[in-house]
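Structure first, then comments.
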Amino acid sequence: MRFVSLVFALVLSLPAISLYAQHQDPHAQAIVRAAVQTELTADRDDHSRWRYRDLYSNPDGEFLFHVVETDHGSIKKKLKQNGQPLTPDQLRAEDARIQSFVNDPAQQAKQRKDGEQDDKRAENMLRLLPDAFLWTVKSDAPDAVTLAFTPDPDFTAPSMEARVFAAMAGEIVVSKPQNRIQSIKGKLIHDVKFAYGLFGRMYQGGTFNIERRELAPKVWQITESHIHIDGHVLLFKNIHEQEDEVKTDFRPTPPATTLEQAATILKGEPTALAAQR
């Protein structure tokens with residue numbers, strides 16, 4: 001459920017805003033409802049684990065990681081920063097950090113707890129998706145349908161988190177014939193104020209774009225995410241959510257891989273990474 005968690009975390013605290021209403025297209029809404037159910041079922045049944053390269057950038061720089069997922073948690077090793085390979089001392093520090101995680105049940109438990117909370121929040125938001133928006137079919141091709149969404153002014157949010165829906169407008173691409181969400185992108189179409197602007201404001205024009213693809217039959221993962229949102233909260237403290245992430249070179253992690261084995265895999269980096277090119 002990570003892709004949903006990522007999308008809704010972008011505007012987790014945004015209050016409702018008013019938009020010009022449009023009519024609900026029952027056919028478009030039904031497509032979304034089917035896609036949501038498919039994603040919930042797929043997430044429940046997906047026990048796959050992956051290794052991949054993760055190129056992540058934010059205002060602090062650009063970082064290349066090798067990530068290994070296991071049934072016991074995920075670990076990653078930084079290999080490059082701002083396009084430059086890490087020094088031997090920096091690589092040794094990365095290995096030491098990884099080994100600390102492998103040997104510390106408390107760190108592992110915290111990672112699991114954080115992941116479970118994110119997944120539960122994401123599931124709750126996903127279930128509300130068909131009813132929180134007014135849906136229309138933007139285009140319909142043999143391999144995918146593109147659906148546009150705007151907030152439904154009659155939607156009553158059951159929680160503070162659910163109010164994020166009213167701040168977004170954008171589109172979703174649903175892949176056929178599996179009814180899987182292939183991409184979702186949106187934009188803040190107004191400045192959004194916290195307590196009439198007294199406690200902050202998120203600025204109009206902020207965007208997000210999430211891309212997914214099928215890695216194995218009926219197994220979909222995020223491959224790209226792009227988040228660009230600005231604002232300020234609490235006495236003019238600036239918010240600059242400027243993040244871009246591209247994941248490549250996915251390979252299955254062997255079944256029953258332990259954290260110790262994952263750490264051993266990463267100790268071979270960056271030599272193993274260079275050998276793959």
_Results of salt bridge (Lys or Arg N to Asp or Glu O under 4.0 Å) for Asp104 - residues two or more places apart only_ = none
*Taking Thr146 for the side chain and Val173 for the main chain, is one N or O donor matched with an acceptor at less than 3.5 Å?*
no
*Going by atom types alone, do Glu224 and His226 pair a side-chain donor with an acceptor below 3.5 Å?*
yes
*Exercise: identify the closest heavy-atom pair between Asp71 and His47*: OD1-O, 4.4 Å
*Please round to the nearest 0.5 Å and tell me the distance separating atom NZ of Lys187 and atom CG of Asn209.*
12.5 Å
*asked:* Using a 3.5 Å distance criterion without hydrogens, assess whether the side chain of Thr264 forms a donor-acceptor pair with backbone atoms of Glu260.
replied: yes
*Please name the pair of heavy atoms, one in Gly83 and one in Lys80, separated by the smallest distance, quoted to 0.1 Å.*
O-CD, 4.2 Å
*Is a donor on one side and an acceptor on the other found under 3.5 Å between the side chain of Gln99 and the backbone of Ala96?*
no
*Going by atom types only, do Glu211 and Ser225 share a side-chain donor-acceptor pair under 3.5 Å?*
no
*Under 3.5 Å, is there a donor-acceptor pair linking the side chains of Glu214 and Gln178?*
yes
*Should Asp118 and Arg121 be marked as a salt bridge (Lys or Arg N to Asp or Glu O under 4.0 Å) after you check the CA-CA gap, both sets of side-chain angles, and the distance that decides it?*
CA-CA 5 Å; Asp118 287 345; Arg121 182 170 61 248; 2.8 Å; yes
_Shared hydrophobic cluster, Val219 / Tyr52 (ILVMFWY, side-chain heavy atoms < 4.5 Å)_ = yes
_Can you tell me how far apart CD1 (Ile172) and CD1 (Ile184) are? Round to the nearest 0.5 Å._
4.0 Å
*If you measure from OG1 on Thr253 to CD1 on Ile265, what distance do you get to the nearest 0.5 Å?*
6.5 Å
*For the pair Leu40 and Leu126, evaluate side-chain contact (heavy atoms from CB on, under 4.5 Å) and give the outcome as yes or no after the intermediate values.*
CA-CA 8 Å; Leu40 291 171; Leu126 184 61; 3.7 Å; yes
*Lys247 and Ile222: which non-hydrogen atoms are nearest, and at how many Å?*
CD-O, 3.6 Å
*Cluster overlap Val68 with Val102, hydrophobic side-chain contacts below 4.5 Å*: yes
*Is any side-chain heavy atom of Val32 closer than 4.5 Å to a side-chain heavy atom of Leu147?*
yes
*Could you tell me whether the side chain of Leu86 reaches within less than 4.5 Å of the side chain of Lys78, counting heavy atoms only?*
yes
*Can you tell me if Ser48 and Asp46 form a side-chain donor-acceptor pair at under 3.5 Å?*
yes
*How about Asp249 and His66: does a side-chain donor come under 3.5 Å of a side-chain acceptor?*
no
*Between Asp131 and Gln29, does a side-chain contact (heavy atoms from CB on, under 4.5 Å) hold up when you go through it step by step?*
CA-CA 8 Å; Asp131 300 311; Gln29 188 181 36; 3.6 Å; yes
*Do Asp54 and Glu245 come within less than 4.5 Å of each other through their side chains, counting heavy atoms only?*
yes
_Distance-only donor-acceptor check, side chains Glu243 and Tyr56, under 3.5 Å_ = yes
*Between atom CG of Asp95 and atom CD of Gln90, what is the distance when rounded to the nearest 0.5 Å?*
12.5 Å
*Derivation of the side-chain contact (heavy atoms from CB on, under 4.5 Å) call for Val145 and Val137*: CA-CA 7 Å; Val145 57; Val137 176; 4.0 Å; yes
*To the nearest 0.5 Å, how far apart are OG in Ser57 and CG in Leu64?*
11.5 Å
*Does Lys76 make a cation-pi contact with Phe65 (under 6.0 Å, within 45 degrees of the axis)?*
yes
*Kindly give the heavy-atom pair with the smallest separation between Ile75 and Leu259, and that separation in Å.*
CD1-O, 4.0 Å
*asked:* For Glu269, is there any backbone N or O sitting under 3.5 Å from a side-chain donor or acceptor partner on Lys77?
replied: yes
*asked:* Looking at Thr41 and Thr38, would you say the former's side chain and the latter's main chain have a donor-acceptor pair under 3.5 Å?
replied: no
*Would you check if the side chain of Gln108 reaches a backbone N or O of Phe101 as a donor-acceptor pair within less than 3.5 Å?*
yes
*What's the verdict on side chain to side chain donor-acceptor pair (under 3.5 Å) for Ser100 and Gln107, showing C-alpha distance, side-chain angles and the deciding distance?*
CA-CA 9 Å; Ser100 174; Gln107 290 187 54; 3.2 Å; yes
*Compare all side-chain heavy atoms of Asp244 with those of His228 and state whether any distance is below 4.5 angstrom.*
yes
*Side chains of Thr136 and Lys138: closer than 4.5 Å at any heavy-atom pair?*
no
*Might you work through the salt bridge (Lys or Arg N to Asp or Glu O under 4.0 Å) test for Arg127 and Glu123, ending with a clear yes or no?*
CA-CA 6 Å; Arg127 290 184 183 277; Glu123 180 180 338; 2.8 Å; yes
*Lys176 atom NZ, over 12 foreign heavy atoms within 6.0 Å*: yes
*When you measure from the side chain of Gln81 to the backbone N and O of Phe63, does any donor-acceptor pair fall under 3.5 Å?*
no
*In Å, rounded to the nearest 0.5 Å, how long is the span from NE2 of His72 to OG1 of Thr258?*
6.5 Å
_Let me check something: do Val246 and Leu79 share a hydrophobic cluster, defined by ILVMFWY side-chain heavy atoms less than 4.5 Å apart, either directly or through other members?_
no
*Any idea which heavy atoms bring Arg212 and Arg180 closest together, and the distance?*
NH2-NH2, 3.7 Å
*asked:* salt bridge (Lys or Arg N to Asp or Glu O under 4.0 Å) for Glu94 and Arg97? Distances and angles first, verdict last.
replied: CA-CA 5 Å; Glu94 284 291 294; Arg97 177 187 58 78; 2.8 Å; yes
*Aromatic ring proximity Trp135/Phe133, centre distance under 6.0 Å*: yes
*Of all the heavy-atom pairs spanning Asp154 and Asp152, show the shortest one and how long it is.*
N-OD1, 2.9 Å
_All side chain to side chain donor-acceptor pair (under 3.5 Å) counterparts of Arg112, not counting sequence neighbours_ = none
*Take Trp50 and Gln221, measure what side-chain contact (heavy atoms from CB on, under 4.5 Å) needs, and give me the verdict at the end.*
CA-CA 10 Å; Trp50 299 90; Gln221 294 285 338; 3.9 Å; yes
*In the single-linkage hydrophobic clustering (I, L, V, M, F, W, Y; side-chain heavy atoms under 4.5 Å), do Trp220 and Ile210 co-cluster?*
no
